[in-house]
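For the numbers below, each heavy atom of this structure counts, side chains included, while hydrogens, waters and symmetry mates do not.
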Amino acid sequence: MEEDFVDAPEDCTIKEVAPALIALHPLNKSVVVAVGPELRIFDLVANCPIACQDNKDGRSHVDSIRSICFHREGELFASAGDDKLVKIWNADSWHCTKTICSEKRVSAVCFSWDSQFLIFADKFGAVWVTTTINADNLNCKTDKAKPLLAHCCSIITGLEISPCGRLIATADRDFKIRVSIFPKNPLGGAHEIQSFCLGHRNFVSCISFLGGQADCKELLVSGGGDATVCLWNFMTGQLLDTLEIGAVVSLTLPKICLKVMVGLSSYTDKVDNRTSSAVTDLSVSSDGSVVAVAIERFYGVLLLSCSLQSRKLVLLEVESWFARKLHANKSSI
């Protein structure tokens, strides 16, 4: 008997779901969560939600938001994503003050240290810059950005301005980190390269400078698809230390937690797959001494200590929500 097959509709496609993003105001005034094309803002002082207002069409974006950030002083907020729009918001009134049209989908965004410029990167490997203030002071005036630098057709995954404001670091999917001189007039382009940080064996997913403006330590930390966190001297490009995250997690967590982490039906057959989990994000404390690391498919956070004297990364603690819940359940039995 012949089997009947039902053909799927030609227009039946699976759309990629963008991960949710979260940004906390530098002064703890508000928290912003980006879910798909929506910005959800909560006022931590008044303890109530806030609606952002875009005078152009009444909504923030029409496609998934891929990057959000506050300026270091919290006056401005930026959002960008797959609709090729980059928006600058007043973080007090939450009105859109400027909209920039990108030629490609945007993958990363950040402000200059003095908040005069907004820098964003696209999925073609180009980094662009624009001023944060419109010349005619009209809200949501559409503007064009100027090219700053490029990574030669490699998707930009990370974009950071140094605490001193004089350098810009960009990371990509071709395993490299570029540190460039951020010029006084960035609208003319950033043509001088300070260093390349080379050492990751897979794509670089996130980067962050250590230290503040008054205490620039010449240190940069990065995470990647090779399940490592690396510590660099960004002035010279020297790799100072590498921490194998997969090995750290395997020695710290019980087997049942690792089984959940790697999503395997049989832990014993494919245990080595746990080391392939990529570092998805990291955050550095204000003094640069602690680094929080998020790992793909891992329900928790790794806390690392960064010794500024010996310039080494050491595991402080593994905060596993699954392990904590498992322990609580066992205690109640």
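- Counting only N and O atoms by type, the side chains of Ser222 and Trp232 include a donor and acceptor under 3.5 Å apart.
- A side-chain donor-acceptor contact under 3.5 Å links Arg72 to the backbone of Trp113.
- One distance of note links SG of Cys197 with CG of Leu239; it measures 8.5 Å at 0.5 Å rounding.
- In terms of the side-chain contact (heavy atoms from CB on, under 4.5 Å) criterion, residue partners of Gln238 (sequence neighbours excluded) are, by chain and number, Asn233, Thr236, Leu240.
- A 4.5 Å side-chain heavy-atom check between Leu282 and Ser208 finds at least one atom pair inside the cut-off.
- Taking the salt bridge (Lys or Arg N to Asp or Glu O under 4.0 Å) definition, one finds that Arg40 meets it with Glu38, sequence neighbours left out.
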* Steps toward side-chain contact (heavy atoms from CB on, under 4.5 Å) verdict (Ile168, Leu148) -> CA-CA 10 Å; Ile168 179 171; Leu148 181 68; 3.9 Å; yes
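- With sequence neighbours excluded, the residues satisfying side-chain contact (heavy atoms from CB on, under 4.5 Å) with Asp241 are Leu231, Lys312, Leu313.
- Put simply, the side chain of Ser307 gets close to the backbone of Ser310: a donor and an acceptor are under 3.5 Å apart.
- Under the 3.5 Å distance criterion, with hydrogens and angles disregarded, a donor-acceptor pair is assigned to the side chains of Thr131 and Lys98.
- With sequence neighbours left out, Ser285 forms a side-chain contact (heavy atoms from CB on, under 4.5 Å) with Asp287, Ser289, Val290.
- With side-chain heavy atoms closer than 4.5 Å counting as contact, directly or through intermediates, Ile155 stands alone and belongs to no larger hydrophobic cluster.
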* Asked: Under the salt bridge (charged side-chain N to carboxylate O under 4.0 Å, His left out) criterion, do Asp54 and Lys87 qualify, and how do the steps go?
  -> CA-CA 9 Å; Asp54 189 333; Lys87 291 181 176 290; 2.5 Å; yes
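- Closest heavy-atom contact between Thr130 and Lys144: OG1-O, 4.2 Å.
- Of all heavy-atom pairs spanning Gln194 and Met235, the tightest one is NE2-O, 2.9 Å.
- Residue pairs meeting the ring pair (Phe, Tyr, Trp, His ring centres under 6.0 Å) criterion with at least one partner in residues 159-209, sequence neighbours excluded, are Phe209-Phe234.
- Nearest heavy-atom pair, Ile88 versus Thr132, reported as atom, atom and distance to 0.1 Å: CD1-CA, 3.9 Å.
- Partners of His25 according to the ring pair (Phe, Tyr, Trp, His ring centres under 6.0 Å) rule, which considers only residues two or more places apart in sequence or in another chain, are Phe70.
- Members clustered with Phe42: Ile22, Leu24, Val31, Val33, Val35, Leu44, by chain and number, using a 4.5 Å side-chain heavy-atom cutoff among hydrophobic residues.
- The two residues Arg201 and Asp226 come nearest to each other via the heavy atoms N-OD2, 2.8 Å.
- In summary, Asp82 and Arg66 engage in a salt bridge, as defined by a charged side-chain N under 4.0 Å from a carboxylate O.
- The salt bridge (Lys or Arg N to Asp or Glu O under 4.0 Å) contacts involving residues 145-161 comprise nothing, where partners must be two or more places apart or lie in separate chains.
- For Glu103, the side-chain contact (heavy atoms from CB on, under 4.5 Å) partners at least two apart in sequence or on another chain are Trp128.
- Across Leu210 and Pro163, no two heavy atoms sit closer than the pair O-CG, 4.2 Å.
- In terms of the salt bridge (Lys or Arg N to Asp or Glu O under 4.0 Å) criterion, residue partners of Asp172 (sequence neighbours excluded) are, by chain and number, Lys176.
- Arg311 is linked by a salt bridge (Lys or Arg N to Asp or Glu O under 4.0 Å) to nothing, counting only residues two or more places apart in sequence or in another chain.
- Ala78 and Leu118 get closest at one heavy-atom pair: CB-CD1, 3.7 Å.
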